[in-house]
Amino acid sequence: MSVIMAVRWEEERYTDGVKWKFLEHKGPVFAPPYEPLPSNVKFYYDGRPMKLSLEAEEVATFFAKMLDHEYTTKDVFRKNFFKDWRKEMTSEEKAKITDLNKCDFSEMNEYFKAQSEARKAMTKQEKQKIKEENERLLLEYGYCVMDNHRERIANFRIEPPGLFRGRGDHPKMGMLKRRIRPEDIIVNCSKDSEHPKPPPGTKWKEVRHDNKVTWLVSWTENIQGAIKYIMLNPSSRIKGEKDWQKYETARRLKKCVDSLRAQYREDWKSKEMRIRQRAVALYFIDKLALRAGNEKEEGETADTVGCCSLRVEHLNLYPEKDGQEYVVEFDFLGKDSIRYYNKVPVEKRVFKNLQLFMENKQPEDDLFDRLNTTILNKHLQELMDGLTAKVFRTYNASITLQQQLKELTSAEENVSAKILSYNRANRAVAILCNHQRAPPKTFEKSMQNLQTKIDAKKEQLADAKRELKIRKYLPGGKEQLMKLEVQATDREENKQIALGTSKLNYLDPRISVAWCKKWGIPVEKIYNKTQREKFAWAIDMADEDFEF
DNA sequence: GCTTGGACTTGCCCTCAGTACC
DNA sequence: GGTACTGAGGGCAAGTCCAAGC
């Protein structure tokens with residue numbers, strides 16, 4: 001590590017939860033006020049035009065903007081929306097508008113579509129003006145001073161009002177997410193800083209000076225009653241240091257994971273049910289990189305589970321399947337309602353335990369009825385300081401990347417082939433962590449385009465050969481062709497897999513940096529600008545023989 | 001002990017700006 | 001100069017984990 005950066009990353013380590021000594025910022029940027037519809041754009045009820053009050057009109061526009069989305073046809077969405085919309089209506093409106101099916105938002109919808117077209121068709125100068133305004137806003141509100149550093153803020157804009165969507169089958173979809181006003185805002189900054197000023201004629205809910213937290217601004221959202229925060233960018237000292245710490249914890253797990261595994265295997269035989277359950281759950285978390293699985297309040301969110309909250313209905317046991325013994329089939333919705341489907345052969349003891357846990361239970365009963373995340377994490381804490389369920393995900397992701405890179409990279413490959421290998425290693429991790437994505441809408445098209453390019457290049461090479469200009473044109477051309485073909489392979493393999501999440505959250509960046517240095521790959525090929533900023537600590541720290 | 005609230009990380013999707021291409 | 005395409009970044013929901021409050 002260089003001396004200068006050692007200072008940057010190691011300065012001012014506070015104790016007892018103190019996160020900073022000085023914090024100054026300009027507060028949040030509020031959503032722009034509602035702009036009423038022009039009088040020629042009408043809402044129709046039961047076929048007749050109807051002028052809405054400003055409040056009711058605003059909420060109606062939220063719905064009108066979404067008309068093309070499938071979810072506006074869903075019962076739950078419509079019911080929730082209508083209920084909340086009615087709350088914004090005057091008593092006259094309420095009396096008249098009693099059936100959402102009689103509401104016609106299509107003219108409003110057309111208007112917004114036209115507006116968005118108009119925005120696209122703006123002249124260069126107009127676009128430039130908007131860009132400059134955004135830059136000005138960023139400069140004024142996008143930075144803060146935390147201790148001795150000017151730091152970028154991650155999200156300085158307050159979320160605008162709209163209709164809540166949620167992910168998966170969310171019981172609250174369609175509800176009104178209300179507008180946040182200065183009176184809802186808690187500002188956090190240091191006493192000796194220049195406090196942010198609320199917009200003229202308004203007041204903050206509170207100005208606080210809590211240096212044991214990292215947030216600058218908070219408010220409570222009305223859908224779940226959860227607190228939302230404005231915090232610093234991942235490039236900031238405070239986030240970087242935390243990130244580094246996270247990977248150091250995972251590396252400590254590496255040192256004791258063998259004995260820990262031996263321990264939970266022993267526990268599969270325990271006399272106590274709770275210990276067996278704990279041990280099997282931990283095995284899943286370790287082997288399959290499952291999330292912890294906190295309990296959730298029923299009816300408040302989509303029905304999703306993690307390891308500790310698995311239910312009997314989420315797995316099938318096969319003493320034998322496809323020529324393998326003791327196969328467990330998992331099928332459940334995890335975080336963000338992403339499906340986890342996997343068939344895994346497990347050890348006989350695990351299998352027998354699972355049979356035991358499922359005995360005399362209904363499909364909707366908890367698989368691990370003597371376990372929850374609190375119990376599990378308490379246990380883990382006793383095994384290693386700072387150990388929690390999610391450390392296993394970080395550890396297994398990072399160690400997998402390191403192993404895969406070792407296995408897949410060959411010295412004689414060129415740079416683009418090496419990058420393909422890197423992406424494949426990254427992909428192995430994404431698959432382990434079940435990081436999926438919807439195939440991009442333009443996927444087929446973009447594959448086609450690439451194929452066209454490849455064909456053209458082949459043609460070009462063939463021409464060159466025919467004209468006996470081999471020596472002159474072939475070497476570079478061949479290289480280019482290979483690059484395109486590698487790119488096509490990479491893209492195809494990536495169709496339904498998202499690499500970003502693991503890259504950003506699970507893979508110790510020092511592994512990647514070390515790999516780049518070892519093979520002479522510019523780090524820019526692996527990390528874009530933002531990622532390099534986020535991982536500045538690692539880029540500076542890791543040399544080519546860094547070992548996770 | 002249990003519940004709830006709070007802080008912070010993780011996660012997917014969409015938009016939009018920058019760039020390649022014609 | 002216009003259009004098409006793509007990657008980056010923003011947006012914000014949904015997790016994890018811990019500790020305060022009862």
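First the proteins, then the strands, lettered A, B, ... as listed; each starts at 1. Everything quoted here is computed from the prediction, not taken from an experiment.
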Pairs: protein N or O with nucleotides 16-19 of chain C N or O, under 3.5 Å:
from	atom 1	to	atom 2	distance (Å)
dT16(C)	OP1	Ala292(A)	N	3.3
dT16(C)	OP1	Gly293(A)	N	2.7
dT16(C)	OP2	Asn294(A)	N	3.0
dT16(C)	OP2	Asn294(A)	ND2	2.9
dC17(C)	OP1	Thr388(A)	OG1	2.8
dC17(C)	OP1	Ala389(A)	N	3.2
dC17(C)	OP1	Lys390(A)	N	2.7
dC17(C)	OP2	Asn377(A)	ND2	3.0

Sugar-phosphate only, base, or nothing, as touched by Pro234(A) at under 4.0 Å among non-hydrogen atoms: nothing

Taking for Met231(A) and for Thr374(A) the nucleotide of DNA chain B with the nearest heavy atom, the one nearer the 5' end belongs to Thr374(A)

Which pairs, with at least one residue in residues 113-141 of chain A and sequence neighbours excluded, count as a ring-ring contact (aromatic ring centres under 6.0 Å, His included)? none

What are the two closest heavy atoms between Arg393(A) and Cys433(A), and how far apart are they? NH2-O, 3.4 Å

Mind listing the residues from residues 208-230 of chain A sitting with a heavy atom below 4.0 Å of DNA chain B? Number order is fine. Val213(A), Thr214(A), Trp215(A), Ile227(A), Tyr229(A)

What's the spacing between Tyr264(A) OH and Asp286(A) CG if we round to 0.5 Å? 3.5 Å

Could you tell me whether Arg165(A) contacts a base, only the sugar-phosphate backbone, or nothing, with contacts defined as non-hydrogen atoms closer than 4.0 Å? nothing

So what is the end-to-end bend of the helix from dG1(B)-dC22(C) to dC22(B)-dG1(C), with 5 pairs used at each end and the value given to 10 degrees? 10°

May I ask you to decide whether Glu159(A) forms a salt bridge with Lys228(A), counting only side-chain N to carboxylate O separations under 4.0 Å? yes

Glu297(A) CD - dA14(C) C1' separation (whole Å): 15 Å

Give one of base, sugar-phosphate or nothing for Ala438(A), where a contact means two heavy atoms less than 4.0 Å apart. sugar-phosphate

dC8(B) OP1/OP2 closer than 4.0 Å to side-chain N/O of Lys242(A): no

Minimum heavy-atom separation for Ile285(A) and Asn396(A), please, with both atom names. O-ND2, 4.5 Å

Take atom CG in Asp210(A); do more than 12 heavy atoms of anything else shown fall under 6.0 Å from it? yes

Have a look at Lys172(A) and say if it touches a base, only the backbone sugar-phosphate, or nothing, with a 4.0 Å heavy-atom cut-off. nothing

Could you work out, with salt bridge (Lys or Arg N to Asp or Glu O under 4.0 Å) as the rule, every residue matching Arg179(A), not counting sequence neighbours? Glu58(A)

Of all residues at least two apart in sequence or in a different chain, which pass the salt bridge (Lys or Arg N to Asp or Glu O under 4.0 Å) check with Glu313(A)? Arg311(A)

To the nearest Å, how far apart are Ile186(A) CD1 and dA7(B) P? 8 Å

Nearest-Å distance for atom pair NZ/P, residues Lys120(A) and dG2(C): 17 Å

Restricting both atoms to N or O, compile the protein contacts to nucleotides 4-6 of chain C shorter than 3.5 Å, with distance only.
from	atom 1	to	atom 2	distance (Å)
dC5(C)	OP1	Lys445(A)	NZ	3.2
dT6(C)	OP1	Arg491(A)	NH1	3.4

Between P of dT3(B) and CG of Asn372(A), the distance in whole Å: 10 Å

Whether Asn528(A) contacts dA8(C) is assessed here as follows: a side-chain N or O lying under 4.0 Å from the phosphate OP1 or OP2. Is that the case? yes

Spacing of Met66(A) atom CE and Thr72(A) atom OG1 [to the nearest 0.5 Å]: 8.5 Å

Output for pair (Tyr247(A) OH, Trp537(A) CH2), nearest 0.5 Å, gives 6.5 Å

Heavy atoms only, 4.0 Å cut-off, all strands: where does Lys529(A) land among base, sugar-phosphate and nothing? nothing

Set of residues satisfying salt bridge (Lys or Arg N to Asp or Glu O under 4.0 Å) with respect to Glu110(A), sequence neighbours excluded: none

Can you see if the side chain of His435(A) gets near the phosphate of dT10(B) - specifically, an N or O under 4.0 Å from OP1 or OP2? no

What is the distance from atom OH of Tyr71(A) to atom NE2 of His170(A), rounded to the nearest 0.5 Å? 13.5 Å

In whole Å, I'd like the distance from the NZ atom of Lys239(A) to the C1' atom of dC8(B). 6 Å

Phe105(A) and ring pair (Phe, Tyr, Trp, His ring centres under 6.0 Å): which partner among Tyr111(A), Trp85(A), Phe112(A), Phe62(A)? Trp85(A)

Take Lys335(A) and Gln531(A), find for each the nucleotide of DNA chain C with the closest heavy atom, and name the residue whose nucleotide sits nearer the 5' end. Gln531(A)

Taking only heavy atoms on the protein side, list every residue of residues 497-511 of chain A lying under 4.0 Å from any atom of DNA chain B, sorted numerically. Thr501(A), Asn505(A), Tyr506(A)

What is the distance from atom OH of Tyr229(A) to atom CD1 of Ile186(A), rounded to the nearest 0.5 Å? 9.0 Å

Calculate the interatomic distance between Glu300(A) atom CD and dG15(C) atom P; express it in whole Å. 13 Å

Compare every heavy atom of Cys144(A) with every heavy atom of His25(A), then report the nearest pair and how far apart it is. CB-CB, 3.6 Å

Does a nitrogen or oxygen in the side chain of Arg393(A) sit under 4.0 Å from OP1 or OP2 of dG11(B)? yes

In this structure, how many angstroms lie between the C1' atom of dG6(B) and the CD atom of Glu206(A), rounded? 14 Å

Nearest whole Å is fine: how far is dG11(C) P from Lys65(A) NZ? 15 Å

Distances for protein N/O vs nucleotides 15-20 of chain B N/O pairs under 3.5 angstrom?
from	atom 1	to	atom 2	distance (Å)
dG18(B)	OP1	Lys131(A)	NZ	3.3

Looking at Asp68(A), I want to see if its CG is surrounded by more than 12 non-hydrogen atoms of other residues, nucleotides or ligands under 6.0 Å. yes

From CG (Asp366(A)) to NE2 (His314(A)), nearest 0.5 Å: 10.0 Å

Can you list everything that forms a side chain to side chain contact (heavy atoms under 4.5 Å, CB included) with Lys129(A)? Sequence neighbours excluded, please. none

Less than 4.0 Å between a side-chain N and a carboxylate O, is that true for Arg181(A) and Asp184(A)? yes

Residue set satisfying salt bridge (Lys or Arg N to Asp or Glu O under 4.0 Å) with Arg252(A), at least two apart, ordered chain then number -> none

Checking all strands, does Arg152(A) fall into the base, sugar-phosphate, or nothing category for heavy-atom contacts under 4.0 angstrom? sugar-phosphate

